[in-house]
2 protein chains.
Amino acid sequence: MKIEKLIEEKNLKLTSARRELLEIFFHSAKPLSFEDVRSRIKMDKATFYRNVSKFEEQAILGSFESNDKKRYYELNTLPHAHFVCKICNGVECIKEPFSMSLDGYVIEDIILKGVCKQCNK
Amino acid sequence: MKIEKLIEEKNLKLTSARRELLEIFFHSAKPLSFEDVRSRIKMDKATFYRNVSKFEEQAILGSFESNDKKRYYELNTLPHAHFVCKICNGVECIKEPFSMSLDGYVIEDIILKGVCKQCNK
DNA sequence: CTCTTAATTGCAACTTAGTCGCAAAAATTT
DNA sequence: AAATTTTTGCGACTAAGTTGCAATTAAGAG
């Protein structure tokens, strides 16, 4: 299965915490915070944060800080922008690819802030 | 002077804390966190946060959360993007105007994350 | 399969940005 | 100048995230 292979490739040990975490990220369409994960499975926050940091070091996950003082994590797939709603604090992935460049800078992520579709009605 | 006029217009009371705060924001080229302001003047954090919130309500200031868990504030001028460096955590304003739109969404701010000019050398 | 070793987990204590209640101080109204 | 209202500053508090440490678990060697 892909989780086992991924962990193997990165020379990490496969623990149940890691399997559960990756399982969740593989099945989520949005970036998730600790709270989001916590609402799905029981996991100590130290375990969560230590594992997601390790996954980030290994480029399995990426993350960004949202508007609500929480950090959101997701699988490192193709580069794409994120939208953060200032009303509901919801976080979404924007599928349409972005192109933006700036001399001398490396742009790795784009976060758009404003009002999402739902809250705009 | 413009600070007095601005405060007047927004029906706020002009206190020395507010004058000092606005003075700093008027002379800064970058968004500032409480720590940044604190390094320039002595001010209680409750006073800082209560005033910047009030200024935000009155659309005098705008703010965003950076990568370092700190919130950065700046005068509400023309819409422009911000760049946040993941190496030095520096925050900069991008002068070039952006144009990006997304059906059904209101985009109010754009934050680019990556590596800044300095750290890229 | 069992032993050994090294990594991981879970808990509690801690850190840090930001918030809140309240009494003292400063502004504005009368 | 007195009365009323708002703001300030302090300390206590909150919530996300980090760290130290003892107990547990994974994985390789025999």
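These numbers come from the heavy atoms of this one structure, side chains and all, not from hydrogens, waters or symmetry mates.
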#### Entry: Set of salt bridge (Lys or Arg N to Asp or Glu O under 4.0 Å) partners for A:R19, sequence neighbours left out
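Testing A:R19 for salt bridge (Lys or Arg N to Asp or Glu O under 4.0 Å), a comparison that skips the adjacent residues, returns A:E4.
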
#### Entry: Set of residues satisfying salt bridge (Lys or Arg N to Asp or Glu O under 4.0 Å) with respect to A:E108, sequence neighbours excluded
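B:K86.
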
Pairs under 3.5 angstrom, nitrogen or oxygen only, protein versus nucleotides 3-7 of chain C, please.
| unit_1 | atom_1 | unit_2 | atom_2 | d |
| --- | --- | --- | --- | --- |
| C:dA7 | O4' | A:K13 | NZ | 3.1 |

### Residue list, ring-ring contact (aromatic ring centres under 6.0 Å, His included) with B:F48, at least two apart or on another chain
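If we apply the ring-ring contact (aromatic ring centres under 6.0 Å, His included) test to B:F48, skipping adjacent residues, the hits are B:F34, B:Y73.
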
### Query
Applying side chain to side chain donor-acceptor pair (under 3.5 Å), which residue pairs with at least one partner in residues 37-54 of chain B are found, sequence neighbours left out?
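Every side chain to side chain donor-acceptor pair (under 3.5 Å) pair that includes a residue of residues 37-54 of chain B, provided the two are not neighbours, is B:R18-B:N51.
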
### Task
Would you please test A:I94 and A:H82 for side-chain contact (heavy atoms from CB on, under 4.5 Å) and show each step?
CA-CA 5 Å; A:I94 302 298; A:H82 292 103; 5.8 Å; no

### Outermost DNA chain D nucleotides near chain B [under 4.0 Å, heavy atoms]
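The contacted stretch runs from D:dT6 to D:dG17.
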
### Task
To the nearest 0.5 angstrom, please state how far the NE2 atom of A:H27 sits from the CG atom of A:L75.
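Spacing of NE2 (A:H27) from CG (A:L75) equals 10.5 Å.
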
### Message
Is it the case that atom NZ in A:K30 sees more than 12 heavy atoms from other parts of the structure closer than 6.0 Å?
### Response
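Count not over threshold, so no.
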
### Query
With side chains defined as the heavy atoms from C-beta onward, is the minimum distance between A:I110 and B:I110 less than 4.5 Å?
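Yes, at least one pair of side-chain atoms sits under 4.5 Å.
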
#### Entry: Heavy-atom side-chain proximity of B:F55 to B:N76 below 4.5 angstrom
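Counting from C-beta outward, B:F55 and B:N76 never come under 4.5 Å.
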
### Query
Under 3.5 Å, is there an N or O donor on one side and an acceptor on the other linking the side chain of A:R50 and the base of C:dG10?
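Present.
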
For the pair made of [atom1] in [X] and [atom2] in [N], what is the distance, rounded to whole Å?
| X | N | atom1 | atom2 | answer |
| --- | --- | --- | --- | --- |
| A:L21 | C:dT9 | CG | C1' | 12 Å |
| A:K10 | C:dT8 | NZ | P | 16 Å |
| A:F55 | C:dT8 | CZ | C1' | 12 Å |

### Query
Which of residues 33-48 of chain A have a heavy atom under 4.0 Å from DNA chain C?
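Contacts with DNA chain C under 4.0 Å: A:D44, A:A46, A:T47.
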
Counting only pairs under 3.5 Å, give me each side-chain donor-acceptor contact of residues 113-121 of chain B, with atom names and distances, residues two or more places apart or in other chains.
| unit_1 | atom_1 | unit_2 | atom_2 | d |
| --- | --- | --- | --- | --- |
| B:K113 | NZ | B:N67 | OD1 | 3.3 |
| B:N120 | ND2 | A:G104 | O | 3.1 |

#### Entry: Along DNA chain D (nearest heavy atom to each residue), the more 5'-positioned of A:S53 and B:S16
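Looking at the nearest nucleotide for each, B:S16 comes out on the 5' side.
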
### Task
By nearest nucleotide on DNA chain D, pick out whichever of A:Y72 and A:L12 is the more 5' one.
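Final value for this comparison: A:Y72.
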
### Query
Can you name the side chain to side chain donor-acceptor pair (under 3.5 Å) partners of A:E20, sequence neighbours left out?
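Counting only residues at least two positions away or on another chain, A:E20 forms no side chain to side chain donor-acceptor pair (under 3.5 Å).
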
### Message
List the residues meeting side chain to side chain donor-acceptor pair (under 3.5 Å) with B:D68, not counting sequence neighbours, and say none if there are none.
### Response
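With neighbours one apart ignored, the set is B:Y72.
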
### Sugar-phosphate only, base, or nothing, as touched by A:R71 at under 4.0 Å among non-hydrogen atoms
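The answer is sugar-phosphate, as A:R71 gets under 4.0 Å only of primed atoms, P, OP1 or OP2.
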
### Task
Note down the inter-axis angle between the two ends of the helix from C:dC1-D:dG30 to C:dT30-D:dA1, five pairs each, to the nearest 10°.
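For the helix from C:dC1-D:dG30 to C:dT30-D:dA1, the axes at either end differ by 30°.
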
Contacts under 3.5 angstrom, residues 56-63 of chain A side chains, donor-acceptor by atom type, not counting sequence neighbours:
| unit_1 | atom_1 | unit_2 | atom_2 | d |
| --- | --- | --- | --- | --- |
| A:E56 | OE1 | A:S63 | OG | 3.3 |
| A:E56 | OE2 | A:S63 | N | 3.4 |
| A:E56 | OE2 | A:S63 | OG | 3.0 |
| A:S63 | OG | A:R71 | NE | 2.9 |
| A:S63 | OG | A:R71 | NH2 | 3.3 |

